[in-house]
J.: 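One structure, as structure tokens, below. Some questions next.
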Amino acid sequence: MSIEQRYKDIAERYKEIRQRKDAAAVRCGRNPEDITVMAVTKTHTADEINQVIEAGATDIGENRVQELLEKYESVKPVRWHLIGHLQTNKVKNIIDKVVMIHSVDSMRLAREINKRSAAAGITMDVLIEINSAMEDTKSGIAAEDLRELVTEIAAECNNIRVRGIMCIPPMAAEPEDARPYFREAAKLFEEMKEWQLPQERFCPDTLSMGMSGDFEVAVEEGSTIVRVGSSIFGPRNYR
Ligand SMILES: *Cc1c(COP(=O)(O)O)cnc(C)c1O
């Protein structure tokens, strides 16, 4: 396949995902504009990322700090999100490059993000990652530990604003298999909105859930940002 054809495909697939997201929203009575499609770009090149940005993508998700840094300078201005597990010693490298960190799962990480944000003179938006099925292989916290972590962050971290939660359900054969996990996350998210915490540090308006295989189900269950990789860029070749 020629490069031109490949790029055309990326743009077309991105637009198609946007349309499917909009249609899913309309079907369940939501405003399509309340849901963002994030293009997940791990393993893909800066050129490919620029194609999706030209096609209208505003938000890009990367899993690994190193990969984000390798591409950052070559990618057009866009909102970068860090969606993978983040080691504390790497926070300083991305603090001035991303608009949101979706994978906060410990006070230790929150403190480091807070420290680096303060030094950079910014407030970092973060999501707390929930490990819905308590899988050993995944990061994230148990649902029952959410309130304690958020309360502690809000009490201690002046340069963090908690915006909501992120969840990754277990790998499944059918999109419907993810629904109970999405529903559980949405319930937690609604509960969160009732918590009385300082607004400057706690503003729960973001529910990050849904990937290529199940994003329409996630929209039906209340997602505000879906993270779509392979349905836009094709299969990944891990190096
Ligand atoms: C890779 C990844 C995605 C995108 O997965 P696809 O199935 O390719 O759409 C979404 N979220 C996270 C956290 C990821 O690591």
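Counting convention: from 1, in listed order, for ligands and their atoms alike. Predicted, not measured: the structure shown is a model, and the values here were computed from it.
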J.: What are the atoms of ligand 1, with element, lying closer than 4.0 Å to any heavy atom of Ile168?
T.: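 In order of numbering, the contacting atoms are 13 (C).
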
J.: Please determine if Glu152 and Arg111 form a salt bridge, counting it only when a charged side-chain N lies under 4.0 Å from a carboxylate O.
T.: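 Yes.
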
J.: Identify, by atom number and element, the atoms of ligand 1 in contact range of Ile83, meaning under 4.0 Å from any of its heavy atoms.
T.: 11 (N), 12 (C), 13 (C), 14 (C)

J.: Just jot down the ligand 1 atoms closer than 4.0 angstrom to any heavy atom of Val228, in number order.
T.: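 Reading through ligand 1 atom by atom, the close ones are 9 (O).
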
J.: Please work out which of the three classes, parallel, tilted or perpendicular, describes the rings of Trp80 and Tyr72, given edges at 30° and 60°.
T.: tilted

J.: Between the side chains of Glu12 and Lys15, is the shortest nitrogen-to-carboxylate-oxygen separation below 4.0 Å, so that they form an ion pair?
T.: no

J.: Could you list the atoms of ligand 1 found under 4.0 angstrom from a heavy atom of Arg227?
T.: 4 (C), 9 (O), 10 (C), 11 (N), 12 (C), 13 (C)

J.: If the contact criterion is a heavy-atom separation under 4.0 Å, does Arg236 count as touching ligand 1?
T.: yes

J.: Would you call Glu67-Lys42 a salt bridge at under 4.0 Å N-O?
T.: no

J.: Which atoms from ligand 1 have a heavy atom of Ser212 less than 4.0 Å away?
T.: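 Reading through ligand 1 atom by atom, the close ones are 6 (P), 7 (O), 8 (O), 9 (O).
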
J.: Is the closest basic N to carboxylate O distance between Glu191 and Arg147 below 4.0 Å?
T.: no

J.: At under 4.0 Å between heavy atoms, is it the side chain or the backbone of Lys42 that contacts ligand 1, or both, or neither?
T.: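 For Lys42, the contact with ligand 1 is made by the side chain alone.
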
J.: Quick one, Tyr14 with Gln51, criterion side chain to side chain contact (heavy atoms under 4.5 Å, CB included). Give me CA distance, side-chain angles, the key distance, then yes/no.
T.: CA-CA 10 Å; Tyr14 168 72; Gln51 294 306 312; over 6 Å; no

J.: Salt bridge check: are Glu112 and Arg116 linked by an N-O gap of less than 4.0 Å?
T.: yes

J.: What protein heavy atom sits nearest atom 5 (O) of ligand 1, and how far off is it?
T.: Met211 CE, 3.7 Å

J.: Which atoms of ligand 1 are found less than 4.0 Å from any heavy atom of Asn63?
T.: 14 (C), 15 (O)

